[in-house]
Each structure stands twice: as C-alpha cells, then as structure tokens.
Amino acid sequence: MPELPEVETIVRGLRGRLMGRTIRSVNVRTPAVIRGVGPRLLMRRLRGACVEGVERRGKYILLRLDNRVDVIIHLRMTGQLLFGADDWDRAADALTSALRATGDSPDKRRGDKSRIDRSASLPSRSPLVRDPYVRVVFHFDDGLRLLFRDVRRLGEIRLVADGDWGAVPGLRRLGPEPVGRGLSAERLARSFARRRAAVKSVLMDQRVVAGIGNIYASEILHAAGIDPRRPSAGLRRDEVERILRATRATLRRAIRRLGTTFRDFRGPEGAVGGYKPRVYGRAGEACPACRQEIRRVTIAGRSTYMCPRCQT
Ligand SMILES: [Zn+2]
C-alpha cells in the first residue's frame with residue numbers, strides 16, 4: 001500500500017502536470033470505486049472544471065477544482081494514478097505485433113485467460129486504455145489522460161463540496177502530519193500513553209499520525225532503536241522523542257528518493273521509487289547498523305521486521 005512518501009511523490013507529480021488544466025470528461029469503467037455519489041453525477045460535476053490545487057493529507061490525494069468541488073482519492077492496496085498520452089492504442093497494437101513476431105501470441109494464451117494482460121509487458125509509463133484494471137479515466141485538455149488503475153479495486157474516489165473534507169470519515173479522524181510542524185513530541189507522547197497496543201500498531205493508527213503504514217513503521221522503529229512489540233504506553237519521554245525524530249528523518253529521506261517500490265507503486269509518470277528499506281522485507285539479512293540477522297515477527301497480524309540487537 002502506498003504510504004505517505006509514495007502519496008507525496010504522486011501528488012508532486014500530479015501537481016506538475018494538472019495545475020491549471022481543465023477536465024474535459026471522466027470515463028467511469030468500474031462504478032464501485034466511486035463512493036458517496038453516482039458515477040453520472042460525478043462525471044457531470046467534473047466536466048469543465050479546472051484544477052486549482054493538488055494536495056496530500058495522510059494517504060489521501062485531494063484535487064481542488066475551481067467549481068468548489070474537491071476530488072478525494074485513496075489508493076488503498078493496489079491503486080495507481082498514471083498519466084497516459086494519446087498514443088496508447090498505438091502502443092498496444094505495436095506490442096501485440098511484437099508478441100506475434102516472437103511467437104508469444106496473445107491468441108495462444110487465450111485458453112487460460114479471458115483477458116490478455118498485455119500491460120505486464122508494456123513499459124509502465126504507457127498503460128493501456130484497454131487495460132482491464134483501469135477503473136476511471138480523467139480526460140484533460142490537450143489530450144492528457146490520468147488513469148486510476150487498481151487491480152484489487154479497493155481504492156476510492158469521492159467528491160466533496162466547499163472544502164468539507166470532514167464529510168469523509170477517514171479524513172475527519174486523521175491525526176497530524178508527521179513531516180512539518182503538525183506533530184509535537186507532547187502530542188505523540190499523549191497518544192502513546194492512552195494506548196495499550198504495540199507501538200508499531202499505534203504508529204500505523206491514522207488517528208495518531210497520518211500517513212504511516214506497514215513498511216515505514218518497521219523502518220522508523222529500527223531507526224529509533226525501539227522494539228516494535230513494546231506497548232506504546234510504556235515508552236519513556238526520550239524514547240518518544242527518538243521515535244518522532246526517526247519518523248521525520250525516515251519519511252523525508254523516502255520522499256527525497258520518491259518512495260519505495262515494494263510491489264505496485266509507480267509515480268504518475270510510471271517511475272519506480274528509489275527508497276531501499278533497511279529492514280522491511282529483509283528477514284535473514286544482516287542489519288545495516290550491527291550485522292545481526294534481521295527477524296520477521298507478526299504484530300496484529302502484520303509482518304514486522306526488526307533487529308533484535310539494535311531495537312530494545
Ligand atoms: Zn542491528
């Protein structure tokens with residue numbers, strides 16, 4: 001799932017291309033991803049609106065339009081936002097011919113798959129209009145298209161009027177932003193003191209801090225030298241401060257490197273992220289700090305990676 005650095009990377013990429021652009025039309029292929037409003041009304045509300053701002057709040061992406069409507073997007077597990085140009089169909093045809101030429105004909109594979117996943121072989125920056133996982137296509141002026149692609153279909157697109165973000169439950173309850181001035185050690189210590197759960201789970205609670213998920217929770221607690229299984233209520237004040245410093249440093253470094261590509265993450269231009277996790281997904285490898293073997297433990301049903309020597 002994209003976390004704060006990945007969503008920030010997406011938002012910066014969208015901002016660069018969408019500011020001042022007008023939405024010509026919206027094509028909803030999978031109505032289930034549109035929440036709280038019918039797809040027809042969504043299409044009508046967005047047509048002709050101009051993008052005035054692109055912002056991030058936690059893991060939410062907010063497109064502010066000049067008609068006082070905001071589009072709120074959450075990518076959940078596998079959602080992606082990708083730009084495409086007008087030549088996708090041509091790219092698809094070229095790929096099909098190339099597959100035929102190499103003998104790996106899509107026709108041969110028709111037996112096991114009703115739909116051909118040609119996108120797998122295409123460069124990631126040229127997603128296909130005919131890709132079955134493209135749920136919504138936003139058409140902008142000058143032929144620019146923005147695709148909402150989501151394999152598992154858990155992502156969400158909502159409309160909010162007059163900046164009333166509180167109408168979205170997840171946004172209403174969202175805690176402070178960890179990068180920047182939003183989160184103080186005082187506030188984090190208070191939130192930790194109120195909860196009995198493992199500190200790793202509490203860090204991932206969006207009501208406590210916005211934007212941290214399973215990957216960065218492991219990374220942050222390794223950087224802070226804190227055992228992720230410890231109850232958050234038992235942490236000393238200096239330990240809370242270490243966690244806050246590690247949170248900011250880890251997330252800022254990941255933003256600078258354009259996020260982590262663990263499975264599906266792509267920036268809107270199709271690029272993969274350059275952040276390499278230090279412990280996440282590295283069970284059995286040497287801890288980058290002390291060379292002790294990294295262990296995988298399960299906390300609240302989620303895989304967690306830690307160094308048993310550095311993290312106490
Ligand atoms: Zn270590």
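First listed ligand is number 1; within each ligand, the first listed atom is number 1. Sequence positions, counted from 1, serve as the residue numbers for this chain.
Relative to the ring axis of F83, R17 places its NZ or CZ within 45° and under 6.0 Å from the centre.
With 3.5 Å as the limit, one finds no donor-acceptor pair spanning the side chains of D227 and T312. Between the side chains of R149 and Q80, at least one donor N or O sits under 3.5 Å from an acceptor N or O. A donor atom on one side chain and an acceptor atom on the other are found under 3.5 Å apart for R296 and S303.
Around the Zn ion (ligand 1), the angle linking C290 (SG) with C287 (SG) is 110°, rounded to 10 degrees. Rounding to the nearest 10°, we obtain 120° for the angle at the Zn ion (ligand 1) between C310 SG and C307 SG.
Taking 2.8 Å as the criterion, H222 does not count as a coordinating residue of the Zn ion (ligand 1), since none of its N, O or S atoms falls below it.
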